[in-house]
Enquirer: 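Starting off with a structure, shown below.
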Amino acid sequence: MTVCEAPGKVYLFGEHAVVYGEPAVPAAIERRATVTAEPRDDDHVRVEAEDLSLNGFTVEYAGGTGDRPDVDVPTPLVEAAMGYVDAAVEQAREAADAPDAGFDIAVESDIPLGAGLGSSAAVVVAGIDAATRALGEQLDRRELADRAYRAEFEVQDGQASRADTFCSTMGGAVRVEGDDCEPIDAPNLPFVVGFDGGAGDTGELVAGVRELRAEHEFAADTVESVGDLVRTGEALLAAADPESDPEPALLAELGELMDFNHGLLAALGVSARSLDAMVWAARDAGAHGAKLTGAGGGGCIVALDESDATETALSFTQGCEEAFRAELATEGVRVVEP
Ligand SMILES: Nc1ncnc2c1ncn2[C@@H]1O[C@H](COP(=O)(O)OP(=O)(O)O)[C@@H](O)[C@H]1O
Ligand SMILES: C[C@@](O)(CCOP(=O)(O)O)CC(=O)O
Ligand SMILES: [Mg+2]
């Protein structure tokens with residue numbers, strides 16, 4: 001039995017625009033998905049995913065194309081739910097050159113699903129790592145991140161960046177621009193997350209931005225403006241001392257860029273009333289800045305505040321179901337049981 005766990009992430013800035021080649025800076029947070037993989041004697045894949053909606057369900061199926069699990073729920077729901085685990089198993093089979101390998105897989109996660117904290121990437125990264133190790137292979141981090149990206153790309157119908165999967169694999173803060181992915185030094189930023197209890201459909205939201213961008217030049221310009229602000233933010237981070245607590249002036253400047261980024265994301269149609277309400281509650285509480293994180297539509301916002309004020313304010317904000325401080329996860333994917 002092999003067990004691996006990988007972190008979720010928040011976007012300091014750059015989501016959506018990163019899909020079109022602009023840079024983005026996500027940072028891994030200490031909320032993890034844990035995947036257990038046990039090879040089987042046959043070619044079946046049995047998945048236990050207690051945290052999926054429908055109050056969790058257990059299915060067994062042979063995997064691969066055409067073969068669907070025998071459960072009493074509509075196929076699209078099962079496909080949406082199983083897609084990432086399925087794709088992770090396929091990547092592990094390919095990496096270990098074991099096309100008929102079967103597994104018992106169990107997924108546990110404290111990352112809310114579809115909420116912009118990268119639960120899909122964490123599941124895919126931990127899943128590929130656990131399943132390949134269970135077959136006696138070990139991928140280096142770059143290859144693991146690359147395979148995880150390919151898995152997300154496939155499930156999201158060819159619309160994914162390398163940002164989430166690279167960040168979950170490496171941990172810490174990273175910079176992604178197209179195929180160019182690098183860890184970056186960043187000071188420990190005081191992230192506070194607000195969660196509305198809901199979710200957004202990443203594929204649909206990405207498709208919406210793609211259409212807007214194709215239709216209007218000003219939407220394409222908006223995407224480019226996100227890239228410009230990310231470059232500004234990167235320069236600020238590069239000039240900061242990663243070993244000491246961030247200076248108030250740095251937090252103020254990063255916060256201003258986050259506010260701006262939220263405005264541009266809202267212009268691209270991916271915010272929601274609940275996300276805007278949490279963003280404003282954070283700003284009113286004195287946060288340096290606040291924005292939605294991830295695909296949007298519902299889910300989470302991230303704010304910068306070293307005091308407790310934002311977390312407290314969010315916990316009293318109508319529509320905010322959970323508020324918590326998110327510690328930077330300096331370690332990416334890791335082995336819990338080899
Ligand atoms: N605990 C889990 N068990 C199984 N699958 C999961 C789990 N967490 C996430 N997933 C998969 O990831 C999907 C959510 O990914 P996505 O829509 O990209 O949102 P996000 O990555 O922001 O959480 C879920 O529908 C499911 O397929
Ligand atoms: C919108 C996007 O930039 C980030 C999606 O993040 P999440 O799956 O909502 O956590 C898509 C991508 O980069 O693949
Ligand atoms: Mg995702």
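As the structure is a prediction and not an experimental result, all values here were calculated from the model. Starting from 1, each residue takes its place in the sequence as its number. Read the numbers this way: they start at 1 and go in the same order the structure lists the ligands and their atoms.
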Enquirer: Within the 4.0 Å heavy-atom shell around Y11, which atoms of ligand 2 are there?
Expert: 3 (O), 4 (C), 13 (O)

Enquirer: Applying a heavy-atom cut-off of 4.0 Å, say which part of V107 lies close to ligand 1: side chain, backbone, both or neither.
Expert: side chain

Enquirer: In the structure I gave you, are the side-chain heavy atoms of H288 and M258 within less than 4.5 Å of one another anywhere?
Expert: no

Enquirer: Run the salt bridge (charged side-chain N to carboxylate O under 4.0 Å, His left out) check on E143 and R147 step by step: do they pass?
Expert: CA-CA 6 Å; E143 184 177 355; R147 288 196 174 273; 3.1 Å; yes

Enquirer: Determine whether the side chain, the backbone, both or neither of A122 has a heavy atom under 4.0 Å from any heavy atom of ligand 1.
Expert: neither

Enquirer: Is any side-chain heavy atom of L304 closer than 4.5 Å to one of P190?
Expert: yes

Enquirer: Would you say L139 and V125 are hydrophobically clustered, going by side-chain heavy atoms of ILVMFWY under 4.5 Å?
Expert: yes

Enquirer: Between R273 and D276, does any NZ, NE, NH1 or NH2 come within less than 4.0 Å of an OD or OE carboxylate oxygen?
Expert: no

Enquirer: Give yes or no for whether the N/O distance cutoff of 3.5 Å, strictly under, is met between G83 and ligand 1.
Expert: no

Enquirer: Determine the sole option in T293, L328, V192 for which the side-chain contact (heavy atoms from CB on, under 4.5 Å) test with V10 is passed.
Expert: T293

Enquirer: Atoms of ligand 2 less than 4.0 Å from E15 heavy atoms?
Expert: 3 (O)

Enquirer: If you count the atoms of ligand 1 from 1 in the order shown, which ones are under 4.0 Å from a heavy atom of A49?
Expert: 3 (N), 4 (C)

Enquirer: Can you check which of V124, I105, V123 brings a heavy atom nearest to atom 6 (C) of ligand 1?
Expert: V123

Enquirer: Linking I/L/V/M/F/W/Y whenever their side-chain heavy atoms sit closer than 4.5 Å, directly or via other members, would V336 and I105 fall into one cluster?
Expert: no

Enquirer: Short N/O distance, under 3.5 Å, between D164 and ligand 1?
Expert: no

Enquirer: With respect to A295, determine whether any N or O atom, backbone or side chain, lies less than 3.5 Å from an N or O atom of ligand 2.
Expert: yes

Enquirer: In this structure, does ligand 1 have an atom that sits under 4.0 Å from one of the heavy atoms of A295?
Expert: no

Enquirer: Got an N/O contact under 3.5 Å between E108 and ligand 1?
Expert: no

Enquirer: Is there a continuous path of hydrophobic side-chain contacts, each under 4.5 Å between heavy atoms, that joins V230 to Y11?
Expert: no

Enquirer: Please identify which atoms of ligand 1 are closer than 4.0 Å to at least one heavy atom of G116.
Expert: 22 (O)

Enquirer: Can you find an N/O atom of S119 closer than 3.5 Å to an N/O atom of ligand 1?
Expert: yes

Enquirer: Backbone or side chain, does S120 get an N/O/S atom under 2.8 Å to the Mg ion (ligand 3)?
Expert: yes

Enquirer: Got a sec: does the CD of E247 have more than 12 other heavy atoms crowding it under 6.0 Å?
Expert: no

Enquirer: S168 versus K9: any side-chain heavy-atom pair under 4.5 Å?
Expert: no

Enquirer: Kindly indicate whether the side chain of V19, heavy atoms from C-beta on, has any atom under 4.5 Å from the side chain of V209.
Expert: no

Enquirer: For the hydrophobic clusters of this structure (ILVMFWY residues joined by side-chain heavy atoms under 4.5 Å, transitively), does one cluster hold both I301 and F260?
Expert: no

Enquirer: Side-chain contact test, heavy atoms from C-beta onward, threshold under 4.5 Å: evaluate it for H16 versus V223 and give yes or no.
Expert: no

Enquirer: Closer than 4.0 angstrom: is that true for some heavy atom of G116 and an atom of ligand 2?
Expert: yes

Enquirer: More than 12 heavy atoms of other residues, nucleotides or ligands under 6.0 Å from CD of E256: yes or no?
Expert: no

Enquirer: Nearest heavy atom to atom 2 (C) of ligand 2: which of E22, E152, H16, R162 does it belong to?
Expert: H16

Enquirer: What atoms in ligand 2 come closer than 4.0 Å to a heavy atom of G294?
Expert: 6 (O), 9 (O)

Enquirer: Show me which atoms of ligand 2 lie under 4.0 Å from any heavy atom of V18.
Expert: 3 (O), 13 (O)

Enquirer: Answer side chain, backbone, both or neither: which part of L205 comes under 4.0 Å from ligand 2, heavy atoms only.
Expert: neither

Enquirer: Below the 3.5 angstrom mark, is there an N/O of V19, backbone or side chain, next to an N/O of ligand 2?
Expert: no

Enquirer: Need the ligand 2 atom indices (1-based, order shown) with element for anything under 4.0 Å from a heavy-atom of G118.
Expert: 10 (O)

Enquirer: Decide whether an N or O pair under 3.5 Å exists between S161 and ligand 2.
Expert: yes

Enquirer: Mind checking whether A121 contacts ligand 1 via backbone (N, CA, C, O), side chain (CB onward), both or neither, at a 4.0 Å heavy-atom cut-off?
Expert: neither

Enquirer: Using 30° and 60° as the class limits, which term best fits the ring planes of Y149 and F153: parallel, tilted or perpendicular?
Expert: tilted

Enquirer: Are G294 and ligand 1 in contact, using a heavy-atom cut-off of under 4.0 Å?
Expert: no

Enquirer: Taking only heavy atoms of A160 into account, list the atoms of ligand 2 that are under 4.0 Å away from them.
Expert: 14 (O)

Enquirer: Is there a path of hydrophobic side-chain contacts, each under 4.5 Å between heavy atoms of I, L, V, M, F, W or Y residues, that connects V193 with M278?
Expert: no

Enquirer: Any non-hydrogen atom of G299 lying under 4.0 Å from ligand 1?
Expert: no

Enquirer: Compute the minimum heavy-atom distance from K9 to ligand 2 and say whether it is under 4.0 Å.
Expert: yes

